[in-house]
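Everything on this sheet refers to the single structure shown next.
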Amino acid sequence: MKSLVWHGPMDVQIDDKPQPTILHPEDIVLKITSTAICGSDLHLYHGTVPGMMPGQTLGHEFMGIIEEAGPHVTEVKVGDKVVIPFNIACGQCHWCRNNYWSQCDSGNPKAGDLGAAFGFTQLLGGYDGGQAEYVRVPFANANTAVKVPDHIKTDEQVLFLSDILPTGYFATDMANVRPGDDVVVFGAGPVGYFAVMSSFLRGAARVFSVDHWPMRLDKTKDLGAEIINFDDEDPVDFIKKETGGKGAICIDAVGYEAVGHMAGNVSTREGNNIKIQGTDANKGHDHSQVSIPAYQPMNPMQVITWMAQIAKKYSTISIPGVYGSAYDRFPLGLLFNRNVSIHMGQCPVKKYTEQLFHLIETKRIDPTKVISHTMDLKDAPAAYENFDKKEDVLKIVLKP
Ligand SMILES: NC(=O)c1ccc[n+]([C@@H]2O[C@H](COP(=O)([O-])OP(=O)(O)OC[C@H]3O[C@@H](n4cnc5c(N)ncnc54)[C@H](O)[C@@H]3O)[C@@H](O)[C@H]2O)c1
Ligand SMILES: [Zn+2]
Ligand SMILES: [Zn+2]
């Protein structure tokens, strides 16, 4: 069968691999009907995530029709159309029973207490993913997010329940967005897009969307966001001004591959210094400008540094964007001084799928608008190259 296989950094190819089979009585084999490329796949594509092995089939956003089912599969049957969450979870352990699907104790045979996911590194279990014609889904009773009913006419309506729609919603849940809140979403990629949509669903008054690709910003503007191109404006100054200095609830839908003033575009910064306007406590009330060292001129901390300056006091910063390592110069003092908390991690997809599905079937939301391209699976290497450029692309769906 055709599979999109990781061969090394910036090198993915369509290979012919054997079709998967049932290995455990609770497995199903799914014939993929639609699959998508995610920003998380780009981290793997770039080779910046440890534990990638050549030969791994990528893809954790997929749906399809059940081709084969093991004897212990009771919740679904051969012929059903299903959407699968990207987390691989047993449904039985303490974490699964408490809706913490991203932290299952039994899904990952390779790395003890880390959760597992399709099409990721060995660290997350090394399971083959769904950018292929078929995929094996373990723990099928627990790992079916949605059984797609007949009245859902197109895959595209529900495909994103596998990851980015729940992840965008999870971002607003972690941040506890409430009616009347002002929210700033960093990143206008697919996750940022659904974080903007979800902020409005939860009653946000104003949502600011920060990125530097006009096409992506236009898409969040269509949802009602006020857009900030960080090549042209300093998001910190902009948000402070617009909120009367109060700041906003912050969501980081970018992660460690953030670009920023290392790229030389944030004009109001002088070198590594952040100018703080106001009173120097040692000089009295003179409203002079004091300069303090920047927290980090390096790219991975760009969004964190911005958020630490504009997070509303007592708010929770939400980080669905992926961070995979230790990072120096973390602005802990700024966060401490503003009583700010941080909530982050992989989305427990299945916690949200039932309610989000109901919003789709009642036409309250239309996730298909995030799609910019539909391509044949055989063209997936070109699709990766294109998605990586970001400029004129938001979400690519692949058809096997
Ligand atoms: N937590 C989870 O469960 C989960 C699930 C899915 C994706 N993710 C992660 O979410 C992140 C976003 O995913 P995506 O699919 O939208 O990816 P993407 O790469 O398509 O989008 C990221 C966007 O961030 C923008 N960006 C870069 N630097 C920025 C900056 N300094 N300020 C504002 N925007 C900036 C980019 O231009 C791009 O548009 C990735 O890190 C991905 O791995 C996490
Ligand atoms: Zn994803
Ligand atoms: Zn479990």
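Note that the structure is predicted; figures quoted are calculated from it, not measured. Read the numbers this way: they start at 1 and go in the same order the structure lists the ligands and their atoms.
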Which protein heavy atom lies closest to [atom], and at what distance to 0.1 Å?
atom                    : value
atom 33 (C) of ligand 1 : Val210 O, 3.4 Å
atom 12 (C) of ligand 1 : Ala253 O, 3.3 Å
atom 17 (O) of ligand 1 : Gly39 CA, 3.3 Å
atom 27 (C) of ligand 1 : Val254 CG1, 3.5 Å

Out of [options], whose heavy atom sits nearest [atom]?
atom                    : options                        : answer
atom 14 (P) of ligand 1 : Pro190, Gly321, Pro235, Gly192 : Pro190
atom 8 (N) of ligand 1  : Ser40, Cys347, Ser162, Gly324  : Ser40
atom 9 (C) of ligand 1  : Pro320, Gly345, Ala171, Cys38  : Pro320
atom 2 (C) of ligand 1  : Met174, Gln346, His212         : Gln346
atom 20 (O) of ligand 1 : Arg216, His43, Met215, His60   : Arg216
atom 23 (C) of ligand 1 : Asn87, Asp211, Val184, Asp388  : Asp211
atom 5 (C) of ligand 1  : Val185, Asp163, Leu217, Val191 : Asp163

_Salt-bridge criterion met for Arg216 and Asp211 (N-O under 4.0 Å)_ = no
*Would you call Glu242-Arg206 a salt bridge at under 4.0 Å N-O?*
yes
*What count do you get for protein N/O/S atoms less than 2.8 Å from the Zn ion (ligand 2)?*
4
Just checking [X] against [Y], ring centres under 6.0 Å apart?
X      : Y      : value
Tyr45  : Trp6   : no
His94  : Tyr100 : no
His60  : Phe118 : no
Phe230 : Phe186 : no

How does [X] reach ligand 1, by side chain, by backbone, by both or by neither, if only non-hydrogen atoms under 4.0 Å count?
X      : value
Trp306 : side chain
Val303 : side chain
Phe86  : side chain
Phe170 : neither

*Using distance alone, with no hydrogens and no angle criterion, decide if Ser102 and Asn87 have a side-chain donor and acceptor under 3.5 Å apart.*
no
*Would Lys399 and Thr374 count as having a side-chain donor-acceptor pair, cut-off 3.5 Å?*
no
*the Zn ion (ligand 3) neighbourhood, protein N/O/S only, threshold under 2.8 Å*: Cys90 SG, Cys93 SG, Cys96 SG, Cys104 SG
